[in-house]
Structures are given as structure tokens and as C-alpha cells.
Undergrad: 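Please see the structure below; I have some questions.
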Amino acid sequence: MNETFSKSVKALQAIVGERNATDDRAICTSYSRDQHWHFVPAKNPACVVRPGTKEEVRSVLMLANKHKIPVIPYSTGINVRGLTIPVHDGSILLDLSRMNRILEINPEMKTATVEPGVTFGMLFEQTRKHKLRPAFPDAPLTVSVLANYYLRGIYQTSATDGHDHTISYEMILPNGETLKTGSRALSEMPYFRSGVGPDFAGMFCAHPGTCGVVTELTAKLYRLYDNRKEYFIGFDDVGTPTEFIYNLMHDELAASIRLVDNQSWLEGIFGTFDYAYEKLPKFVLCVLVEGVDGIFDAKDKLVRKYMNESGGQVLELPAEFARTFEDECLGGAEKSCMVFGLPGKGNYHCIGLYGPLTQAAKYYEVHEKTALEVGIPKDHIHFYIDPIYSFHGQLCYFELDVFYDGSDAGFGDKLRNYNAKQFHRLLELGIYGWFRPYAGIIEPTAERIGYLAEVWKKFLRVLDPNEIMNRGKLF
Amino acid sequence: MEQEREKEILSAIHHCVKCKLCSIASFHPNVEWLPLCPSGQYYGYQAFYAPGKMEIFRAILEGEITEPSEGLLNAVYACTVCGACYEKCKQITSVELGAPELFEEMRRELASKGWILDVHKSIAEKIKETKNAYGEKYKYKAETTDQNADVIYYIGCTARYRVPEIADAMLEIFDKLGLKYQVMGEEWCCGSVLFRTGQVEAAKELVAHNVEEIRNSGAKTVVFTCPGCMKTFEKDYPDMGVELVHSTQFLTRLGNMNLKKDDLKAAYQDRCHFGRDFGIYEEPRALLNAVADIKTMKRENEQAWCCGSGGGVKSAFDDFALWSATERLKEAKEAGAEALVSACPFCKRNLKEAAENEEIEVYDVVELVNRCLEGRLR
Ligand SMILES: Cc1cc2nc3c(=O)[nH]c(=O)nc-3n(C[C@H](O)[C@H](O)[C@H](O)COP(=O)(O)OP(=O)(O)OC[C@H]3O[C@@H](n4cnc5c(N)ncnc54)[C@H](O)[C@@H]3O)c2cc1C
Ligand code: SF4
Ligand code: SF4
């Protein structure tokens, strides 16, 4: 470590307190790897800093900016794509988990304002008192609400909620300036996304790195209904259920709709008790209907009508199964995201993408084809579709999954081969976009987006001329 | 470390997906955010949570960490090895990460390199000299009532030298019930603290001595008031062909004690080694229920919050130990308890110290049994 850097650690300790900044090698090592390590190799940050306030964040950023030290914001570090693993030597890992206050829950506005360390579990514990909930990703409820919304995730637990739950936020830039988006810029009311001029909230979101550090974010909350009902319908192929999915989406009938294959997500979702998953049809459509009295009954009636016409087999699954599905769709994922217990398939690799429902069968076909080509056994290949409201462009999230044993280095090689082929093939086939532009996926994509890549680059340079934010994650 | 074992450990570590669900108690169906890992909750850095510690172990095994640092020793030893993380992980992932074993193995690996805290080294020295973990001069606690008794009561260092009221209560119970028992002529430390801090070599002499004493006694049953000692006998001692039972199991088994129930509102502190290692949750509760009005806390059984003293934490990181205990006392008070009752001298000692500024009593369950015992077996 160079001399400037060790001085910087002292300076950082002066900002956040001695206990909250360290360059201890072992402590840094604990941040060096996530489950994407076959693709993003382990690397230690040079130091970890744990600010407790916005002002501390600002001072840290200004110091880093002055010395051109790369900074990696980290809210809970559970992004599973190596996004918080440093690229460069001498990086500061900015662990924001101490900033974990729920600043406001506003039942009238149906909003919550949170700091980066607030997790979905923490938030829901409070919002349910108002019969409200956040939109849940199918990620462990230990992940940061702010980071998840800021990265723009996928919320398959409740398709009704749509895709974007951020209303406004406050971000500190490397030069120490505070940038407020939407109505925050104008008033104390952070409740309107568009505010003045362009959609700035959208512009700073979902970069492979970041433009600054988001210190608070206001998000949408959604109603929790008392009336709920689940259905599970089995199909032998991907194509047959698409009409049923279309009908449900078109008539806006179901809260959660996911087509999953029986050997991956189903077992992972509900597999904490004995059940003969292998005997289920190859694909299962999981549907959750909810709503106020009257509307619920009408929706439920129509869902059953479409279900009976769908050509699928209505499945009687154990009550515990349905309860877990419901709990976790509307209350945060704990068991359901955990496919990691599957013997010999404890780790998970996926390519997540957005595209139209009309392409479903093609995505599945290319997934299987490429996986088999690179030597991935058939029983490790899984797939899943999640349509998204309000369904313009028949918008769906597709997940091309492979479950594998992370300790098997040879399987890691296969997956790297799979990625190298598959990113290009999917781009050729036509997709709307990726679930998160992470390392590996962004490079072939950036080549194809024409002048937008140039503009994107320039845009980032304006905000971060010294390129300190997550340096190396893009351009 | 043997190559095969190293491979096994690395494989387990690779399977951890860093979801951190092990840092909280089961969220559904009660929808409450309840931290589970004392070490992570207190220190905050990833290194103090199970997934971070595993990453450190990986780096040691793969030769990335080649020398000790303050952070390394803190992350590794400021962990109560309570096993709460693994209880949660195995419920949701069923991956093979036996975190407490892994962490003890990591400590052995560190100790083999001489990377050990001074305070733990000095405990080993004290034990070498005095045969007890506190460096106290040996005290006879009781006379053996019958050389031929089938039951031998292994008192343990903490009940002997720090919370003697537990040993006193247990001995009185034996007497009140008219049961014949033995105590060791010379009881040495069971070696728990040495095993838990990776100093396995230093424990060998203790094991040999205690095994010989027990064999010579002819007893068929060893009764413990300390689950930590019991775990050590079970896990780290050779099979002596004797039954190992905890006082709460022993007393529950008697079944027909003449107990007069108190109206004390009491919560039960699950001792980590007792519940998680032996699966014993019911007997102590049954016993407590016979003498007090049980109040249930939010985190209990497999997902109980550790009192904060185990794994060598109390001796090396007392602030952390007392903080964990205070968190637990608050929870007991929230549950409406006037007393927090454990079945372990080590828990009692730490909780009692923490309770000095809290309005709540701390007992061991045998103290309450002794208090409520009217006399002989009915
Ligand atoms: C089993 C599993 C299943 C998952 N399924 C889903 C799913 O269904 N849907 C979904 O959306 N996600 C899913 N994820 C991914 C995960 O939930 C998200 O990536 C996560 O919410 C973001 O991770 P994090 O909150 O821990 O952020 P971090 O890992 O801390 O950060 C992620 C990125 O955001 C940046 N960042 C973090 N905080 C800030 C900040 N305050 N300001 C600026 N930049 C910041 C980081 O530098 C990094 O680039 C899943 C994860 C797991 C483990
Ligand atoms: S130990 Fe288990 S629960 Fe904890 S982070 Fe690892 S996989 Fe998740
Ligand atoms: S053993 Fe206990 S203190 Fe140690 S990491 Fe696990 S839960 Fe935390």
C-alpha cells in the first residue's frame, strides 16, 4: 500500500471514527468475493469505511475524489453479480449498512423513505402495520431496499407492482454536491417522480457502477389485501401456457404469475419439506389472486375460467406450499430464493433478461441448446418466466438458470463458455434488455448500442470526472 | 490440515451464497426483524458475520492471508461459536456448512500457526498451573457422600469459582432428595475453553486426568450443571462407557419431586451448546415450568439469542459479552419476565453481570428448583 493511502486511512478514521474505518487485511478479505466468483474473481478492497451519516459520506467521497481513490458503495453486498467486488487496487469499500433508518412511512402517500442499510425485512415489519408492503424482489429479505430499487430489480413476487418502485432520491456526488431527483429538488415533498424536466431518477439508476452514493430514497408502497388465493397449474412445455399468461395479464387479474420449472425454482421455492417434485409436470404456473371484496371474487372467477381453458393440469399442492408462496410473494423471500440446498446444485448462475412473451419458447430453446453444447447436463438447465404489468410490449422477465456445484472448477469453465456464446446469441435473437448490466454482459452490449454508449460515457464523466465511482465496472 | 479435509471445508465455503439470512431469525410468519448473530450485530463489519468469517477461512487456506492481524484475531475469536447462524442456514439452504465446527476448525488452524489471543494463551497457562480456567487455588466443594454411588456430579470451573450458588443448589438438591452421589477427588477443568479456542494440545492432560478419575469412581452417570462441560465430554473425550446427563435432564427424569410452584415470571435462556448441540429444549423448560410462570421470548429454541459469553468471548471481549447479555435481558423484560433463567453457569455469570443495571433477576434453573423443593421424593 502506498504512503498516500495509509495517510488516507487515518484521514478516513478521522471522518467516521477509528472503529469505522480499517485497512486490516482480514476485514477487507471478508468483502472480497460474492457468489459470482467464477466470473468476478476475488479481490480485496484496500480499506473498508462505515459511515453513519450523510455528512460522513460526503467527506469520504470528497477525500477519495481528491486523491482519485476508487469508491465502491455497498449497502448489503448481496447483489450476486460481483458488483461490489473491486476491480482496482487501492479501492475504498464504503459499507453503508450502519445507515439503516426508515426515515418515513407515509400511509397517505403510500410511500417509504429509507437509508441504504434498510432491508426488505426491516421495512415490511413496519409497513404491514399500515396494511402496506414494498414490492419484493425474489431476493433474500436481507437485501437493501434502496440498492435494489436503485439498481432496478425484478419483482416477480408481484407482477402487478410493475418494474420501477423508485419515486425520488438524494445522491451525493464525488465532488460533494447533493443531487435530488423528482419533487425532492423543489420541495420537502419527495413523492413525485417526474418533478422538473427529464426523468433524472431514471438517468442515474441501473448503471453497472454508480454515479454517486444514494443516501436516501423514497419508494412506492403497495396495498396488502385480505382476500388471497393461489393456483398451481402444470404444463409440459413453455408454449402452451403463454395464452393463459397473456389473458391474465391483459385483464389484469393476478398479482403474481410465474412459470417455473419443477426441478429448480419449485424445489428451491418450497423445497424445505419432502415432496415429489419430479412427479410434477415439467412446468408449473404459480398464480396468486388478491383484491378487495367483490373485485376479488370477480377476478377469481375469471382466473378460474381462463385456467380451465388453458390446457394445463390444475395441481393440488400441499397447503404449506401455498402458504409459503403467499407469505413470500407478499412478505419477502426467505425460503423461496434459496435453491442453494439442492444437492450437487448448491450455487446458481442465471442470465436474466427482458423480452416479449411471444419469444418465450425461443429463449428456452436457445438456453437449452447452448447449455448442452458447452456440456452442462440437462438436469442442471432451468428456466422461468415472469410477466410484468402493465404488459405493454408483452413485457416479461426471463431467467435462464443453471444450478451447479460452485466448488467444481470445471463447471465454472462451462458456465464461462456458456456466457460467451449465450450473450451474443440472445442479442442476435432480440431482447429488450438485461436484468442488470454486470461485468461480462455489458461489454458485448455496449458494442451494439451505437452512439448511446458515447453519450453514456460522457454523462458519467460529467458526474464523476475522476472516475472514482465503482471504477472499472463500465467503460 | 489434511488435504481431503481442506477440500471439504473449501467446498462448504464455496456453497455459501452470502445471502446473510443467517444473520436474522426466521422472518415468517411473525414478520419480525430479529438479529441472530451477536458478533455481526455488535461489530458490524462483514468479517464478523458467518459468511465473512468463512471468506477469511478460505483466504487462510488458500494462502492469501499469511500473517495474523488484529482484525483477523478479532473476527475469529469475537464469535461465541453459538451456532445460531448454522441453525438458520440449514433450515433454508440445507447446505453442509456446519458453521460452528468450521469456526472451531479455523481456530485450530490459527492456533497451529501460533495466531492466538494473549488472553487465551494466559488461560491455558493458568489451567496448566492450577487445573482450572480461573487460576484459582483448588477448593473442595463437597465431600462425596457415597464412594459407590452410581452418580458423579462434575461441577466445572465456573460453578466452582464464579457462580458457586449453582453448585451449592445442586448439592442441596441431592441432599434434599436423599440421593447418593460422588464428586471427584480432584476435579480438573474439562478443557472446554482450550478446545473452543483451538488449543487442543493443551487440553490433552486434562482429558486424561478426568477420564481416569471418572473411570476409577465406578460411576455410571455423570451429571453436569454446565452444558459447556457436557459438550466437551461428549465431543472431545473418549467414550468412557458412562452416561452424560445435564442436571435438568437428571431432575426431569426423577419426575416426582415435591416442588412448590413459585409465582415468579421467568423466561428461559437456551444455552447454545445445550440446545443446538444436544437438541435439548424441552427438559429445562419442563423443569422451569414446574417452579415458575414461564414467559416466552421472541427468539427461543434453535433461534435463541446467545448470552454472549461462550467461545472464549467473555475472557477476551467482555464489552461485547455484556452487550449481548444486555440485549437478551431487554428481550426477557419485554416478554414480561421478572427473571431470566438459564441452565448454565457460564450464561448465568455473564447475564448476572449485565443485569447489575437492569431490573431483572438472573438464576440457574437448579437454584429455583432448590428453592421450590419441599423435601424428599414424593
Ligand atoms: C438468492 C438471490 C435471489 C435474488 N433474486 C433477485 C430478484 O428476484 N430480483 C432482484 O431484483 N434481485 C435479486 N437478487 C439480487 C439482489 O437482491 C440485488 O442485487 C440487491 O437488492 C442489491 O444488492 P444489495 O442490496 O446487497 O446491494 P449491494 O450489493 O450493496 O450493491 C449493489 C450495487 O449497487 C451499488 N450500490 C449499493 N448501494 C449504493 C448506494 N447507496 N448508492 C449508490 N450505489 C450503491 C453497489 O456499488 C453495487 O454496484 C437476488 C439475490 C439473491 C442472493
Ligand atoms: S451461511 Fe448460509 S445463510 Fe449464511 S450467508 Fe452463507 S448460505 Fe446464506
Ligand atoms: S457462531 Fe454465533 S456469533 Fe459466531 S458467526 Fe455464527 S451466529 Fe455469529
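Both backbone and side-chain heavy atoms feed into the values below; hydrogens, waters and symmetry mates do not. Here is how names work: the chains are called A, B, and so on, in the same order as the sequence lines, proteins then strands, and each is numbered from 1. Fair warning: this is a prediction, and the values are worked out from it, not measured in the lab.
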Undergrad: Tell me the residues of residues 31-39 of chain B whose non-hydrogen atoms fall below 4.5 Å from those of chain A, in number order.
TA: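 Within residues 31-39 of chain B, the residues that come under 4.5 Å of chain A (heavy atoms only) are B/V31, B/E32, B/W33.
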Undergrad: Between B/Y49 and chain A, which part of the residue has a heavy atom less than 4.5 Å away: side chain, backbone, both or neither?
TA: neither
Undergrad: Taking every heavy-atom pair that is under 4.5 Å apart, which of A/T22, A/T76, A/T119, A/V48 has the most such pairs with chain B?
TA: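 Ranked by heavy-atom pairs under 4.5 Å with chain B, first place is A/T119.
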Undergrad: Between the side chains of B/H15 and A/D405, does any donor sit under 3.5 Å from an acceptor?
TA: yes
Undergrad: Any Lys/Arg nitrogen of A/K131 or A/D226 sitting under 4.0 Å from an Asp/Glu carboxylate oxygen of the other?
TA: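 Looking at A/D226 together with A/K131, the answer is yes, because their closest N to O distance falls below 4.0 Å.
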Undergrad: Give the member of A/R25, A/R128, A/R33 that has the highest number of heavy-atom pairs under 4.5 Å with chain B.
TA: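 Among A/R25, A/R128, A/R33, the one with the most close pairs to chain B is A/R33.
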Undergrad: Is the A/F136 ring parallel, tilted or perpendicular to the A/F120 ring (thresholds 30°, 60°)?
TA: tilted
Undergrad: Taking all non-hydrogen atoms of both residues into account, name the closest pair between A/S75 and A/S97 and its distance.
TA: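 What the structure gives for the nearest pair is O-CB, 3.6 Å.
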Undergrad: Would you say A/R416 has more than 12 foreign heavy atoms packed within less than 6.0 Å of its CZ?
TA: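 Check passes, neighbour count above 12.
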Undergrad: Does the side-chain hydrogen bond (donor to acceptor under 3.5 Å, both in side chains) test come out yes or no for B/Q46 and B/K18, once each step is laid out?
TA: CA-CA 10 Å; B/Q46 178 78 348; B/K18 318 263 183 274; over 6 Å; no
Undergrad: Pick one: which of A/F411, A/F403, A/Y404 meets ring-ring contact (aromatic ring centres under 6.0 Å, His included) with A/H380?
TA: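 The single option meeting the ring-ring contact (aromatic ring centres under 6.0 Å, His included) with A/H380 is A/F411.
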Undergrad: Does B/K7 have more than 12 heavy atoms from other residues, nucleotides or ligands lying within 6.0 Å of its NZ?
TA: no
Undergrad: Identify whether NZ of Lys or CZ of Arg in B/R108 sits under 6.0 Å from the centre of the six-membered ring of B/F57 and within 45° of that ring's axis.
TA: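 No cation-pi geometry.
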Undergrad: Does a side chain donor of either A/N79 or A/Y438 reach within less than 3.5 Å of an acceptor in the other side chain?
TA: no
Undergrad: By a 4.5 Å heavy-atom criterion (distance strictly below it), what part of B/N74 contacts chain A: side chain, backbone, both, or neither?
TA: neither
Undergrad: Look at the aromatic rings of B/Y77 and B/H120 and report parallel, tilted or perpendicular, splitting at 30° and 60°.
TA: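 Perpendicular: the ring planes of B/Y77 and B/H120 meet at over 60°.
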Undergrad: Considering heavy atoms only, which positions within residues 60-71 of chain B lie below 4.5 Å of chain A?
TA: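 Within residues 60-71 of chain B, near chain A: B/E64, B/I65, B/S69, B/E70, B/G71.
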Undergrad: Let me know if B/I56 has heavy atoms under 4.5 Å from chain A in its side chain, its backbone, both or neither.
TA: both
Undergrad: Specify which of A/I27, A/T142, A/T29 makes the most heavy-atom pairs with chain B at under 4.5 Å.
TA: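 Ranked by heavy-atom pairs under 4.5 Å with chain B, first place is A/T142.
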Undergrad: Given 3.5 Å as the limit, does a donor-acceptor pair link the side chain of A/S32 with the main chain of A/C28, or not?
TA: no
Undergrad: Does any part of the side chain of B/V76, heavy atoms only, come nearer than 4.5 Å to the side chain of B/R107, both counted from C-beta?
TA: yes
Undergrad: Could you look at A/R98 and say if it's the side chain, the backbone, both or neither that has a heavy atom under 4.5 Å from chain B?
TA: neither
